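Remarks on the structure that follows.
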Amino acid sequence: MPQNNGGEVPQIDQGYLDTNTTLVTVSIGGNDARFGDMVQKCLLSFGAGNCGDKTFDSSDTDGNVSGRDQKFVGQTLKTAVPGIINAFVRPDIVKTLMTIHSKAPPAKIVLMGYPPLISDSGSCLRVGIGTAQLGLSADSANWLNDTAGTLAAAMQGAVDDVKKQGVLAWPSNPANDFAGKRVCGNPEQVHGIVKTLTTSDNRALDWSLLNKYGLSAQSFHPKVGGARLHANSLERTMAGMRL
């Protein structure tokens with residue numbers, strides 16, 4: 001999906017890709033899968049229920065894409081989010097990979113995936129007990145991790161789709177690399193809630209529902225050690241490509 005790049009020319013149009021390009025690594029799909037929106041709704045939940053049972057409403061749709069998500073309004077998140085991933089995210093990834101291939105036909109493309117982000121059932125992201133609980137319930141944490149699996153399957157499917165059209169593409173799934181090391185893990189290699197802001201943080205844009213709490217965009221993104229885990233996944237994939 002098109003996004004506001006703050007005036008920066010999209011990387012795909014910056015002239016890096018040509019017939020001399022031999023390797024491209026790209027990670028796309030997480031934002032379009034509405035992961036940030038879902039995390040916010042789950043963190044603002046009360047009780048021990050599953051936030052996946054909440055309703056997908058108009059505040060979750062992307063007006064910049066002609067409201068194409070509107071067809072899912074009124075459905076539960078459990079239904080809407082996988083629907084968006086399979087109806088829109090997967091074909092968008094295919095389109096991007098095909099565009100990369102058209103600009104750099106000889107290049108091998110690695111599509112970097114996203115790991116499930118929650119360890120220990122999200123215990124560090126909730127307070128209270130039972131119906132008096134606020135934050136990420138265990139059921140919600142498990143659902144968010146399952147959704148990451150749905151996205152991983154769609155990304156694999158997108159790679160399969162372009163390979164049928166002659167594109168040299170491989171998926172790289174870092175899920176096993178992050179096992180036990182995600183938010184609430186030990187050692188935690190993915191940021192949980194980060195309230196120390198940087199100059200580039202835009203709270204209203206990054207966390208539309210939680211902006212008044214002052215969250216940084218670093219929240220729920222890899223730490224330095226997490227970047228190393230992503231690198232481990234990439235290196236393993238490249239070894240399988242004989243690079």
Side-chain angles (χ1 to χ4, degrees), residues 3 5-6 8 11 23-45 51 81 85 89 93 110-127 134-138 140-152 155 170-239:
Q3 294 183 2
N5 292 317
E8 181 180 351
Q11 292 183 37
L23 177 66
V24 176
T25 62
V26 59
S27 181
I28 52 175
N31 291 338
D32 295 344
R34 298 291 185 265
F35 187 80
D37 296 335
M38 301 310 105
V39 167
Q40 292 179 82
K41 283 199 167 187
C42 292
L43 289 174
L44 291 172
S45 296
C51 60
V81 176
I85 289 172
V89 177
I93 293 174
V110 179
L111 179 62
M112 290 299 302
Y114 303 88
L117 290 183
I118 312 297
S119 287
D120 195 29
S121 298
S123 60
C124 66
L125 296 173
R126 59 177 175 268
V127 294
L134 171 65
L136 193 68
S137 70
S140 295
N142 292 335
W143 173 70
L144 287 172
N145 283 346
D146 288 344
T147 300
T150 301
L151 178 58
M155 295 177 80
W170 286 259
S172 186
N173 188 341
N176 290 336
D177 299 273
F178 279 84
K181 301 175 184 177
R182 304 175 296 238
V183 179
C184 303
N186 184 21
E188 186 183 66
Q189 300 294 4
V190 179
H191 289 292
I193 294 175
V194 178
K195 298 194 69 175
T196 302
L197 302 181
T198 67
T199 55
S200 62
D201 276 315
N202 184 334
R203 291 177 297 173
L205 177 63
D206 298 328
W207 299 102
S208 58
L209 299 179
L210 294 173
N211 64 81
K212 66 180 180 180
Y213 298 100
L215 268 64
S216 168
Q218 298 173 85
S219 303
F220 300 98
H221 284 80
K223 300 181 180 182
V224 172
R228 178 65 256 176
L229 295 177
H230 274 291
N232 291 346
S233 177
L234 174 60
E235 290 171 0
R236 187 172 58 252
T237 300
M238 291 175 62

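Values in this document were obtained by computation on a predicted structure and should not be read as measured data. In what follows, every heavy atom counts, from backbone to side chain, and hydrogens, waters and symmetry copies are set aside.
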Margin query: Contact between Phe35 and Ile85 at the side-chain level, heavy atoms closer than 4.5 Å - yes or no?
Written below: no
Check: salt bridge (Lys or Arg N to Asp or Glu O under 4.0 Å) with Glu188: which of Arg182, Lys181, Lys223?
Finding: Lys223
Margin query: Run the side chain to side chain contact (heavy atoms under 4.5 Å, CB included) test against Asp120 and tell me which residues pass, sequence neighbours left out.
Written below: Ser123, Cys184
Checklist line | Pairwise side-chain contact, Val110 with Leu234, heavy-atom cut-off 4.5 Å (strictly under) | finding: yes
Item checked: Full working for side chain to side chain contact (heavy atoms under 4.5 Å, CB included) between Leu117 and Leu144 -> CA-CA 8 Å; Leu117 290 183; Leu144 287 172; over 6 Å; no
Next item on the list: Taking all non-hydrogen atoms of both residues into account, name the closest pair between His230 and Gly113 and its distance.
Entry: CE1-O, 3.7 Å
Check: Can you find a heavy atom in the side chain of Ile28 that is under 4.5 Å from one in the side chain of Leu111?
Finding: yes
Note to self: Is the shortest side-chain heavy-atom distance between Val26 and Ile93 below 4.5 Å?
What the structure shows: no
Notebook entry, point to check: Ser140 side chain to Cys51 main-chain N or O, any donor-acceptor pair under 3.5 Å?
Noted result: yes
Item checked: Results of ring-ring contact (aromatic ring centres under 6.0 Å, His included) for His191 - residues two or more places apart only -> none
Next item on the list: Would you mind reporting whether Ile193 and Val183 have side-chain heavy atoms less than 4.5 Å apart?
Entry: no
Notebook entry, point to check: If you round to the nearest 0.5 Å, how far is CG of Leu125 from CG of Leu43?
Noted result: 6.0 Å
Margin query: Just so I know, are the side chains of Met155 and Asn173 near enough to count as touching, which here means a heavy-atom distance under 4.5 Å?
Written below: no
Check: For Ser172, what residues pass the side-chain hydrogen bond (donor to acceptor under 3.5 Å, both in side chains) criterion, not counting sequence neighbours?
Finding: Ser233, Thr237
Check: Do Met38 and Trp143 touch side chain to side chain, with heavy atoms closer than 4.5 Å?
Finding: yes
Check: Got a donor-acceptor contact below 3.5 angstrom from the Tyr114 side chain to the Gly30 backbone?
Finding: yes
Item checked: Contacts of Ala138 that satisfy side chain to side chain contact (heavy atoms under 4.5 Å, CB included) - sequence neighbours left out -> Ser121, Arg126
Item checked: For Arg236, side-chain hydrogen bond (donor to acceptor under 3.5 Å, both in side chains) partners two or more places apart -> Asp177
Margin query: Tell me every residue that passes side chain to side chain contact (heavy atoms under 4.5 Å, CB included) with Ala179, counting only those two or more places apart in sequence or in another chain.
Written below: none
Notebook entry, point to check: Do any N or O atoms from the side chain of His221 and from the backbone of Ser219 form a donor-acceptor pair under 3.5 angstrom?
Noted result: yes
Item checked: Residues that Asp146 engages under side-chain hydrogen bond (donor to acceptor under 3.5 Å, both in side chains), provided they are two or more places apart -> none
Checklist line | Residues that Thr147 engages under side-chain hydrogen bond (donor to acceptor under 3.5 Å, both in side chains), provided they are two or more places apart | finding: none
Checklist line | Partner residues of Pro171 under the side chain to side chain contact (heavy atoms under 4.5 Å, CB included) criterion, sequence neighbours left out | finding: Gln156, Val159
Notebook entry, point to check: Given side chains that start at C-beta, do those of Phe178 and Pro116 come closer than 4.5 Å, heavy atoms only?
Noted result: no
Notebook entry, point to check: CG/Leu136 to OG/Ser45 distance, rounded to the nearest 0.5 angstrom?
Noted result: 8.0 Å
Item checked: From CZ (Phe220) to CD (Gln40), nearest 0.5 Å -> 9.5 Å
